[in-house]
Amino acid sequence: MRPLTSLVEPTLFTNNSKEISLLSELRKEIASSDEVMLLVSFIKMTGLMPIYNNLKEFTNKGKKLRVITTTYIKATEYKAIEKLLELPNTSIKISYETNNQRLHAKAYIFKRENGFSTFYIGSSNLSKAALVYGDEWNVKLTEKNSPLIFKDVISEFETYWNSYEYKTLNNTEEDKEKLKIALSYKTENTNYYQNLMTFKPYDYQEKILEKLEVERQIYHRYRNLVVAATGVGKTVLAAFD
């Protein structure tokens, strides 16, 4: 089994019903890979289960699966991670940091020893909504067509993988309990109000706040627009402003 889309040319996926399905293509990518690397903000059962048997067959062949995800906004489902822990030859790393380090990257990397590796970069996390019917954009790039970008993608993944921010999740009761607590809405931060009192904007946020102040005080412009990427803290900026 091999992907229907090219192993040489790039492809755009938008979950358009008239196009090749991203989900069906991921299944074929898994089946024809030598190593799979997943980097997603969160993982849902609805996104994992449609490809779970493919991953199970893949790892049962002795091939390696590596997954990086987070507990950010508690979107990851514990049962999904528990299912991944059941797979052989699978390593999982989790970021428990929810204040400073916020992983928003989404990448599906399929390494092939024959040099025809492929990788998907876009907006889809591992959920059914993101993979099937959501308004998502994902670009499939290839090692043959974009060798330098492929090299950078692998390098960035390895940087995340070896970062102290991402903790190895072992299939032990201790690690699973830690994850379960991190994903539970029942947990409370006892230092919540203390944290609020010591909360300060980052340097780049301060620069934006200063520019807003100049627009108002110097130029008397009171309608100003801040354009910033996801995760840089627009809500926080609004609060400080």
Side-chain angles (χ1 to χ4, degrees), residues 1-13 20-45 47-70 76 80-95 103 105-127 130-132 136 138-163 166-171:
M1 185 186 296
R2 56 170 287 177
L4 296 178
T5 50
S6 175
L7 292 174
V8 178
E9 297 298 326
T11 307
L12 173 66
F13 292 83
I20 297 173
S21 164
L22 173 61
L23 179 58
S24 65
E25 199 69 343
L26 291 181
R27 291 182 179 131
K28 296 180 179 68
E29 295 278 5
I30 294 168
S32 57
S33 295
D34 295 306
E35 180 181 356
V36 174
M37 304 153 72
L38 306 180
L39 172 70
V40 287
S41 301
F42 60 79
I43 301 173
K44 300 281 192 183
M45 284 290 283
L48 175 64
M49 293 317 295
I51 64 172
Y52 187 77
N53 286 337
N54 305 91
L55 292 174
K56 185 176 182 179
E57 183 178 351
F58 174 83
T59 53
N60 279 335
K61 291 178 180 178
K63 297 182 178 181
K64 185 164 64 173
L65 168 64
R66 289 193 287 167
V67 180
I68 298 177
T69 190
T70 78
T76 291
I81 302 300
E82 195 173 35
K83 288 292 290 182
L84 282 172
L85 284 172
E86 296 175 1
L87 296 175
N89 302 305
T90 298
S91 302
I92 304 171
K93 291 218 171 182
I94 303 271
S95 171
L103 175 68
K106 292 94 180 175
Y108 299 78
I109 305 165
F110 304 95
K111 293 181 70 175
R112 297 181 176 88
E113 294 175 0
N114 60 11
F116 284 89
S117 298
T118 54
F119 53 108
Y120 293 64
I121 307 293
S123 62
S124 290
N125 279 300
L126 201 51
S127 70
L131 297 179
V132 179
E136 308 276 353
N138 296 278
V139 175
K140 173 184 176 178
L141 298 171
T142 71
E143 183 181 5
K144 288 295 183 184
N145 182 264
S146 307
L148 295 180
I149 296 179
F150 176 70
K151 183 179 178 181
D152 287 343
V153 165
I154 297 299
S155 176
E156 283 298 305
F157 185 94
E158 296 296 347
T159 298
Y160 285 17
W161 189 262
N162 294 302
S163 170
Y166 297 92
K167 311 299 182 184
T168 300
L169 182 69
N170 297 303
N171 194 10

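The first residue in the sequence is number 1, and the count goes up from there.
Between the Ser155 side chain and the Lys151 main chain, no donor and acceptor come within less than 3.5 Å of each other. A donor-acceptor pair under 3.5 Å is formed between the side chain of Asn125 and the backbone N or O of Phe42. Panel note: side chain Asp34, backbone Glu113; a donor-acceptor pair is recorded below 3.5 Å. Side-chain N or O atoms of Thr168 include none that pairs as donor or acceptor with a backbone N or O of Lys93 at under 3.5 Å. At least one donor-acceptor pair under 3.5 Å links the side chain of Asn138 to the backbone N or O of Ser123. Remark: the backbone N or O of Ser41 is paired with a side-chain donor or acceptor of Thr70 at under 3.5 angstrom. Not a single donor-acceptor pair under 3.5 Å links the side chain of Ser146 to the backbone N or O of Glu143. Between the side chain of Glu25 and the backbone N or O of Leu4, at least one donor-acceptor pair lies under 3.5 Å. Between the side chain of Thr90 and the backbone N or O of Pro88 there is at least one donor-acceptor pair closer than 3.5 Å.
Side chains of Thr69 and Val40 form a contact here, defined as non-hydrogen atoms less than 4.5 Å apart. Between Ile68 and Trp161, the closest side-chain pair of non-hydrogen atoms falls below 4.5 Å. Side-chain contact between Phe58 and Asn89 is absent, with no heavy-atom pair separated by less than 4.5 Å. Under the 4.5 Å side-chain criterion, counting only non-hydrogen atoms from C-beta, Leu39 is in contact with Leu103. You'll find the side chain of Arg27 reaches within 4.5 Å of the side chain of Ile51, heavy atoms only. A heavy-atom distance below 4.5 Å is found between the side chains of Leu84 and Leu48. Put simply, the side chain of Lys56 reaches to within 4.5 Å of the side chain of Leu87, judged on heavy atoms. Side-chain contact between Phe116 and Ser32 is absent, with no heavy atoms from C-beta onward closer than 4.5 Å.
Nearest heavy atoms, Pro3 versus Arg112: CG-NH2, 3.9 Å. In this structure, Met1 and Ala31 approach most closely via the heavy-atom pair SD-CB, 4.1 Å. Contact record, Leu7 with Arg2: CD1-NH2, 3.6 Å, taken as the closest heavy-atom pair.
If you take NZ on Lys44 and CG on Leu131, they are separated by 13.0 Å, rounding to the nearest 0.5 Å. To the nearest 0.5 Å, atoms CG (Asn54) and NZ (Lys28) are separated by 9.5 Å. The OG1 atom of Thr159 sits 10.0 Å away from the CG atom of Asp152 when rounded to the nearest 0.5 Å. The CD atom of Glu86 sits 12.0 Å away from atom CD1 of Ile81, with the distance rounded to the nearest 0.5 Å. Summarising the geometry, atom CD belonging to Glu136 is positioned 9.0 Å from atom CG belonging to Leu22; distances are rounded to the nearest 0.5 Å. One finds the CG atom of Leu26 at 8.5 Å from the CG atom of Leu38 (value rounded to the nearest 0.5 Å).
By the 30° and 60° cut-offs, the orientation of the rings of Tyr160 relative to Tyr166 is parallel.
Remark: Glu35 engages Arg66 in a salt bridge, criterion side-chain N to carboxylate O under 4.0 Å.
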For this session: For salt bridge (charged side-chain N to carboxylate O under 4.0 Å, His left out), just list the numbers for Lys140 and Glu29, CA-CA rounded to whole Å, side-chain angles, deciding distance to a tenth of an Å, and then say yes or no.
Result: CA-CA 11 Å; Lys140 173 184 176 178; Glu29 295 278 5; 2.9 Å; yes
For this session: Would you check, one step at a time, whether the test side chain to side chain contact (heavy atoms under 4.5 Å, CB included) holds for Lys64 with Lys111?
Result: CA-CA 10 Å; Lys64 185 164 64 173; Lys111 293 181 70 175; over 6 Å; no
For this session: Check the pair Val67 / Leu169 against side chain to side chain contact (heavy atoms under 4.5 Å, CB included), numbers first and verdict last.
Result: CA-CA 10 Å; Val67 180; Leu169 182 69; over 6 Å; no
Exercise. Can Phe119 and Ile149 be said to form a side chain to side chain contact (heavy atoms under 4.5 Å, CB included), step by step?
Worked result: CA-CA 10 Å; Phe119 53 108; Ile149 296 179; 3.7 Å; yes
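Within 6.0 Å of CD in Glu57 there are 12 or fewer heavy atoms belonging to other residues, nucleotides or ligands. Atom NZ of Lys63 has more than 12 neighbouring heavy atoms from other residues, nucleotides or ligands inside a 6.0 Å radius.
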